[in-house]
Amino acid sequence: MLDDQVQAEQRWLDFWHVGPQNLRWDHIPLQVGDAAPDLELDDHTGEPVRLSQFWANGPALVLFWRHFGCSCGIERAARLRAEYAEFLQHGASVVVIGQASPERSSAYRTRNVLECSILSDPDRTAYRAFDLLDGTPAQILFDAPDPFLRCDAAAGEELAASRHGTDRATVDSRGSSPANS
């Protein structure tokens, strides 16, 4: 797990230096009424799972998580815990798709006491299939200090160093530039 975490932190920092690349569609993205892509991804246990199993018997709430180490990911996990039973009561299944390996997905799921499956998409296959764009710093870090909004190299390096080895390490949320795809 440690090597995986260190590699993920380095990928995050590499992307921080490059910045978001996939900011505009080069084709018409998925539209309301289009069939959802039915991909196979590994779940948090490392087992391959088809997305269609989540909507085979009713609606599915498919949540895309960019980070497992940021405050918003912790807040989203708390909100999902609070609302999970209501989703199930209304007949929906719930699945999270994250950019981490199954090992880190499992650790995040356990740490945040989530009951739903977390699918691993470290290569961002599902993100591309669902036509999701990279967020700009202002979209993702809307309330952050100016050095973060400017993607200042030193600010990113300081943030990564301050969170290294913690549950809030800067990982995932890679861009889709050719070097990262």
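Note that these values count all heavy atoms, side chains included, but never hydrogens, waters or copies made by symmetry. Positions are given from 1 along the sequence.
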**Request:** Begin with the C-alpha distance, continue with both residues' side-chain angles, and end with the deciding distance and a verdict on side chain to side chain contact (heavy atoms under 4.5 Å, CB included) for Asn112 and Arg76.
**Result:** CA-CA 10 Å; Asn112 288 282; Arg76 282 190 198 106; over 6 Å; no

**Item:** Stepwise side chain to side chain contact (heavy atoms under 4.5 Å, CB included) check, Leu80 with Cys116
**Value:** CA-CA 9 Å; Leu80 180 54; Cys116 67; 3.8 Å; yes

**Request:** Would you please test Glu83 and Arg79 for salt bridge (Lys or Arg N to Asp or Glu O under 4.0 Å) and show each step?
**Result:** CA-CA 6 Å; Glu83 297 173 349; Arg79 183 172 177 184; 2.9 Å; yes

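Leu114 places a side-chain heavy atom less than 4.5 Å from the side chain of Arg81. Within the 4.5 Å cutoff, no side-chain heavy atoms of Tyr108 are placed close to those of Val96. By the 4.5 Å heavy-atom criterion applied to side chains, His27 and Asp131 are counted as neighbours.
Contacts of Arg50 classified as side-chain hydrogen bond (donor to acceptor under 3.5 Å, both in side chains), with partners at least two apart in sequence or in another chain: Asp38. Legend: residues meeting side-chain contact (heavy atoms from CB on, under 4.5 Å) with Asn57, ordered by chain and number and at least two apart, are absent.
Side chain of Asp43 to backbone of Thr45: a donor-acceptor contact under 3.5 angstrom is found. Judged by distance alone, the side chain of Trp65 and the main-chain N or O of Gln99 form no donor-acceptor pair under 3.5 Å. Remark: side-chain polar atoms of Arg109 are not paired, donor with acceptor, to backbone N or O of His44 under 3.5 angstrom.
No hydrogens or angles considered: nothing links the side chains of Ser120 and Ser101 as a donor-acceptor pair under 3.5 Å.
Heavy atoms only, all atoms of each residue included: Pro122 and Ala100 are closest at CD-O, 3.8 Å.
More than 12 heavy atoms of other residues, nucleotides or ligands lie within 6.0 Å of CD in Gln31, so this atom counts as buried by the packing criterion.
Under a 4.5 Å side-chain heavy-atom cut-off, the cluster of Ile, Leu, Val, Met, Phe, Trp and Tyr residues that includes Leu39 is completed by Leu30, Leu41, Val49, Leu51, Phe54, Trp55, Val62, Phe64, Val95, Ile97, Leu119, Tyr127, Phe130, Leu132.
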